[in-house]
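Values below: all heavy atoms of this structure, side chains included; hydrogens, waters and symmetry mates excluded. Model, not experiment: these values are computed from the prediction.
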Amino acid sequence: MREKLIECCALDWSGISPAIFGAMFQSVMKPEERHALGAHYTSETNILKLIHPLFLDSLWVEFDNYKQYTSEARVTNLNALHDKIAHLTFLDPACGCGNFLVIAYRELRLLELAIIEELKSADQQLLDVGEYIKVNVNQFYGIELEEFPAQIAQTALE
């Protein structure tokens with residue numbers, strides 16, 4: 001067991017989506033237990049079908065529009081959009097393992113990186129965008145009755 005744990009620690013986990021935790025958790029639950037709790041894994045595809053029309057599509061349209069503006073208006077509006085997404089708050093009232101929160105965070109972060117790239121590409125080459133990041137996991141909240149899936153959600157967002 002120790003060797004397997006060491007192998008897991010050495011694995012590059014960056015290519016593995018934290019959203020997989022929900023499917024794994026659901027698969028180990030007994031069907032009657034899952035039914036009693038209402039535990040249901042929502043796939044990434046279905047989450048994207050929800051969040052794109054709900055907020056992502058309009059934010060990306062806004063981003064694409066601002067990229068076309070002239071220099072001063074472009075920078076002002078892109079900075080305003082960056083601030084806007086940094087102040088959005090998300091709540092999943094039945095978060096389970098947090099798949100909705102993880103996917104929403106990831107998609108919002110991708111938009112943020114595109115904004116940063118657009119703002120900074122003309123000025124300088126960036127090796128580390130850390131100082132420009134405004135979106136963080138503290139914008140994402142979930143409610144879950146069961147302790148174990150709540151811990152999985154918390155871990156997935158960290």
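Residues passing the side-chain contact (heavy atoms from CB on, under 4.5 Å) test with Ser71, sequence neighbours excluded: none. Annotation: salt bridge (Lys or Arg N to Asp or Glu O under 4.0 Å) contacts of Glu112 (sequence neighbours excluded): Arg109. Applying the side-chain contact (heavy atoms from CB on, under 4.5 Å) rule to Ala73 yields the partners Tyr69, Thr70, Asn77; only residues at least two apart in sequence or on another chain are considered.
Annotation: side chain of Val137 is not in contact with side chain of Glu158 (no heavy-atom distance under 4.5 Å). No side-chain heavy atom of Asp92 sits under 4.5 Å from any side-chain heavy atom of Phe140. Counting heavy atoms from C-beta on, the side chains of Leu119 and Tyr132 never come closer than 4.5 Å.
The aromatic rings of Phe55 and Phe90 are tilted relative to each other, their planes meeting at an angle between 30° and 60°.
Applying the side chain to side chain donor-acceptor pair (under 3.5 Å) test to residues at least two apart or on different chains, the pairs with a partner in residues 56-68 are His52-Asp57, Glu62-Tyr66, Glu62-Lys84.
Connectivity analysis of hydrophobic side chains (ILVMFWY, heavy atoms under 4.5 Å, direct or indirect) links Met1 to nothing; its cluster partners are none. The other members of the hydrophobic cluster of Leu91, by chain and number, are Tyr141, Ile143 (side-chain heavy atoms under 4.5 Å, ILVMFWY only).
From Ile6, atom CD1 reaches atom NZ of Lys4 across 11.5 Å, with rounding to the nearest 0.5 Å. Interatomic distance, CD of Glu107 versus CD of Glu44, reported as 7.0 Å (0.5 Å rounding).
For the pair Lys134 and Gln139, the tightest heavy-atom approach, listed with the atom from each and the gap, is O-OE1, 3.8 Å.
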